[in-house]
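Just so it is clear, the values below take in all heavy atoms, side chains as well, and ignore hydrogens, waters and symmetry mates. Along the sequence shown, residues carry numbers from 1.
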Amino acid sequence: MPEEYNNFRHRSWFAKFGDAFRGIKIGMRGQSSFFVHIFIAFLVAIAGLALGVSRIEWCLLILCIAGVLTTEMVNSAIEILAKAVTNEYHEHIRDALHMGSAAVLLASFGSAAVGTIIFLYRTGLMLAWW
């Protein structure tokens, strides 16, 4: 077993968190999709504040944001790993990349549905529709 593996296995929590924050930094800098999702999350937060969403609704919105950002990170990790493995076309790599993109799409659609339900309800209350 290579020495690097032993050093990696027995790392401090501080080092592990440092790696995780480095991963977020890489994701934010290298992926335009991640920036788009962060921007939309910012807009969701502003809308939530403006419409006075409840604690439960905040929890749902935060879970949705975290879910989308997490799937985007995993998708980006798959893309980076695929590039490291080969630059040549391979149908299994293509399928893995497409499935990663599909995961982000599904998380985004689900989150958009949750946000729409919450914000339409809050808008309806604000405008006395019901």
**Request:** Find the distance between CG (L81) and CG (L97) and round it off to the nearest 0.5 Å.
**Result:** 9.5 Å
**Request:** Return yes if some donor-acceptor pair links the side-chain N/O of T86 with the main-chain N/O of A82 below 3.5 Å, else return no.
**Result:** no
**Asked** With hydrophobic residues grouped by side-chain heavy-atom distances under 4.5 Å, do V44 and I46 end up in a single group?
**Response** no
**Asked** In terms of heavy-atom contacts, does CZ of F17 have more than 12 from other residues, nucleotides or ligands at under 6.0 Å?
**Response** no
**Item:** Test item: V104 and S33 side chains (from C-beta on) under 4.5 Å apart, heavy atoms
**Value:** no
**Request:** Verify the cluster assignment for V74 and V68: are they in a single hydrophobic cluster under the rule of side-chain heavy atoms below 4.5 Å apart?
**Result:** no
**Item:** Co-membership, hydrophobic cluster, residues V36 and I24, 4.5 Å side-chain
**Value:** yes
**Item:** Side-chain donor or acceptor of E72 paired with backbone N/O of L69 under 3.5 Å
**Value:** no
**Asked** How close do G52 and R122 get, heavy atom to heavy atom, and via which atoms?
**Response** O-NH1, 3.5 Å
**Request:** For residues F35 and M28, determine if any side-chain heavy atom of one lies less than 4.5 Å from a side-chain heavy atom of the other.
**Result:** no
**Prompt:** If you round to the nearest 0.5 Å, how far is CD1 of I38 from CD1 of I65?
**Reply:** 8.5 Å
**Request:** Find the distance between OG (S101) and CG (N75) and round it off to the nearest 0.5 Å.
**Result:** 4.5 Å
**Prompt:** Once you round to the nearest 0.5 Å, how far does CD1 of I26 lie from CG of D19?
**Reply:** 9.0 Å
**Asked** Does a side-chain heavy-atom distance below 4.5 Å link W58 with L49?
**Response** yes
**Message:** If hydrophobic clusters are built from ILVMFWY residues whose side chains come within less than 4.5 Å, do V85 and I80 share one?
**Reply:** no
**For the student: nearest non-hydrogen atoms of R11 and K16, plus distance** = O-CE, 3.5 Å
**Prompt:** For the residue pair T71 and A107, what are the closest heavy atoms and their distance?
**Reply:** OG1-CB, 3.6 Å
**Asked** For M126, does the CE atom have more than 12 heavy-atom neighbours from other residues, nucleotides or ligands under 6.0 Å away?
**Response** yes
**Asked** Less than 4.5 Å apart, any side-chain heavy atom of L61 and any of F119?
**Response** yes
**Request:** Indicate the atoms forming the closest heavy-atom contact of I78 with G100, along with that distance.
**Result:** CD1-CA, 4.4 Å
**Item:** Euclidean distance, L51 CG relative to I118 CD1, rounded to 0.5 Å
**Value:** 10.5 Å
**Message:** Set out, in order, the CA-CA distance, both residues' side-chain angles and the distance that settles side chain to side chain donor-acceptor pair (under 3.5 Å) for E79 and S76, then state yes or no.
**Reply:** CA-CA 5 Å; E79 291 172 359; S76 296; 4.6 Å; no
**Request:** Locate the shortest heavy-atom distance separating M73 from G27; write the atom from each residue and the value.
**Result:** CE-CA, 3.9 Å
